[in-house]
2 protein chains.
Amino acid sequence: MKVSTKGQYATRALLDLALHQDEAPVLLKHIAQRQKISLSYLEHLITPLIAAGIITSTRGPRGGISLARPPEEIGLDEVVQLLEGAISLVECVGNPKVCTMSQSCATREVWDELRQAMMGVLKSVTLRDLMERQREKENATEIMYYI
Amino acid sequence: MKVSTKGQYATRALLDLALHQDEAPVLLKHIAQRQKISLSYLEHLITPLIAAGIITSTRGPRGGISLARPPEEIGLDEVVQLLEGAISLVECVGNPKVCTMSQSCATREVWDELRQAMMGVLKSVTLRDLMERQREKENATEIMYYI
DNA sequence: ACTAAGTTGATAAAATTAGTCAACAATATA
DNA sequence: TATATTGTTGACTAATTTTATCAACTTAGT
């Protein structure tokens, strides 16, 4: 039970984008370098984010990607679901037919409650929150240098 | 991001055990049949549960497995962690050295919060709760037949 | 035209998951 | 004590998923 690199990388890439975005689009190549993700791999993570309307892209010179919405309107639940698939932790939750016992299975309920709890946590964290946290962290480590 | 069959099956097996346990130990074979899990596979899921002191086993004729503690003292967090491994959804949470950016990574915090939320949900559900839910469900479907 | 970007699809290595099989160990009981 | 019954262990394998890489392609700016 883990978040794959897809979800992790996409989240990091979005945060990186949010932090480096002013007017001009941000180069995939630069995000890849800063986040130490292979560019070829990152390209594939970006695609679904574009399709979902989270980021926009422009090709050609001076191209790159930009957030399609303000960061406070981008919840991590959306990002994670996009990259990790519809977190039905267990197949029978989304598709009861796979198991003849589904109707009367108490364990099935628990997996669904777990899913809901996870979504709740992720939904409560937006890209804006991440940006703020990141800046705080960087301030904290800067201060560390003076000690 | 999902619960593997190991976690699912182990939970179902434990619930099955809890529901069918009176004095005599319950046969692995019967659990496997009722839960439609292959016996050979189930054997491997049982081993860590024994090692963790959740169930006890006796070999030979009239053997089988039994709960080692009352069901209200068996939380799903324990079961799931045992079978799925220490749910550090992301490697750098448990082992910050794997990523040079860990100290100042805001995303890392989120995965840890997510982990905590999940553990909280799972911890709040004991085998006793599952038993009660299961019995309710069965009553509910019985009533359905009369309609 | 040419170059700089993103886009897409085919492919593949590596890791994990899910499961099987067979040899083995312990125990009740006839 | 022989034997059938049950759990235990470890080696092995097939399938799937993850994690990429590469190359051909498209689009846009200069």
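The shown structure was predicted, so the numbers you read here are calculated from the model rather than taken from an experiment. The chains referred to below are lettered A, B, ... by the order of the sequence lines, with proteins before strands, and numbering in each begins at 1.
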N/O donor-acceptor pairs under 3.5 Å from side chains in residues 48-60 of chain B, not counting sequence neighbours:
none

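Minimum heavy-atom separation, B:L127 to B:L15: CD1-N, 4.1 Å.
Looking at B:E73 and B:T126, their side chains never bring a donor and an acceptor atom within 3.5 Å of each other.
By the salt bridge (Lys or Arg N to Asp or Glu O under 4.0 Å) test, A:D112 pairs with A:R115, sequence neighbours left out. Residues satisfying the salt bridge (Lys or Arg N to Asp or Glu O under 4.0 Å) test with B:E72, not counting sequence neighbours, are B:R128. When the side chain to side chain contact (heavy atoms under 4.5 Å, CB included) test is applied to A:A117, the partners found at least two apart in sequence or on another chain are B:V121. In this structure, the side chain to side chain contact (heavy atoms under 4.5 Å, CB included) partners of A:S38, at least two apart in sequence or on a different chain, are A:S40, A:Y41. Legend: residues meeting salt bridge (Lys or Arg N to Asp or Glu O under 4.0 Å) with B:E113, ordered by chain and number and at least two apart, are A:R133. For the salt bridge (Lys or Arg N to Asp or Glu O under 4.0 Å) test, residues two or more places apart in sequence or in another chain that qualify with A:R69 are A:E78.
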Worksheet item: How far apart are the C-alpha atoms of B:Q8 and A:T107, what are their side-chain angles, what is the distance that settles it, and do they pass the side-chain hydrogen bond (donor to acceptor under 3.5 Å, both in side chains) test?
Response: CA-CA 8 Å; B:Q8 294 175 55; A:T107 67; over 6 Å; no
I'd like a table of atom pairs between the protein and nucleotides 10-13 of chain D - only N or O on both sides, under 3.5 Å - with the distance next to each one.
{"from": "D:dG10", "atom 1": "O6", "to": "B:H44", "atom 2": "NE2", "distance (Å)": "2.8"}

Please list, for nucleotides 26-30 of chain D, all pairs of protein and nucleotide N/O atoms separated by less than 3.5 Å.
{"from": "D:dT26", "atom 1": "O2", "to": "A:R59", "atom 2": "NH1", "distance (Å)": "2.6"}
{"from": "D:dT27", "atom 1": "O4'", "to": "A:R59", "atom 2": "NH1", "distance (Å)": "3.3"}

Nucleotide N/O to protein N/O under 3.5 Å, stretch nucleotides 15-18 of chain C:
{"from": "C:dA18", "atom 1": "OP1", "to": "B:T5", "atom 2": "N", "distance (Å)": "3.4"}
{"from": "C:dA18", "atom 1": "OP2", "to": "B:S4", "atom 2": "OG", "distance (Å)": "3.4"}
{"from": "C:dA18", "atom 1": "OP2", "to": "B:T5", "atom 2": "N", "distance (Å)": "3.1"}
{"from": "C:dA18", "atom 1": "OP2", "to": "B:T5", "atom 2": "OG1", "distance (Å)": "3.0"}
{"from": "C:dA18", "atom 1": "O5'", "to": "B:T5", "atom 2": "OG1", "distance (Å)": "3.2"}

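Legend: salt bridge (Lys or Arg N to Asp or Glu O under 4.0 Å) pairs involving residues 3-18 of chain A, not counting sequence neighbours, sorted by first then second residue: A:D16-A:R34.
Of the residues in residues 23-33 of chain B, B:V26, B:L27, B:L28 come within less than 4.0 Å of DNA chain D through at least one heavy atom, sorted by number.
Atoms CG (B:L49) and P (D:dT8) sit 11 Å apart, rounded to a whole Å. Across the protein-nucleic acid pair, A:E91 atom CD and D:dT16 atom P stand 12 Å apart, rounded to whole Å. Separating the CG atom of A:L39 from the C1' atom of D:dT21 is a distance of 11 Å, rounded to the nearest angstrom. Atoms CD1 (A:I46) and P (C:dT7) sit 8 Å apart, rounded to a whole Å.
Side-chain contact between A:V3 and A:V80: absent, with no pair of heavy atoms (C-beta onward) separated by less than 4.5 Å.
Toward the 5′ end of DNA chain D lies the nearest nucleotide of B:I50, the other residue of the pair B:I50 and A:S38 mapping further downstream.
A salt bridge links A:K137 with B:E109: at least one charged nitrogen is closer than 4.0 Å to a carboxylate oxygen.
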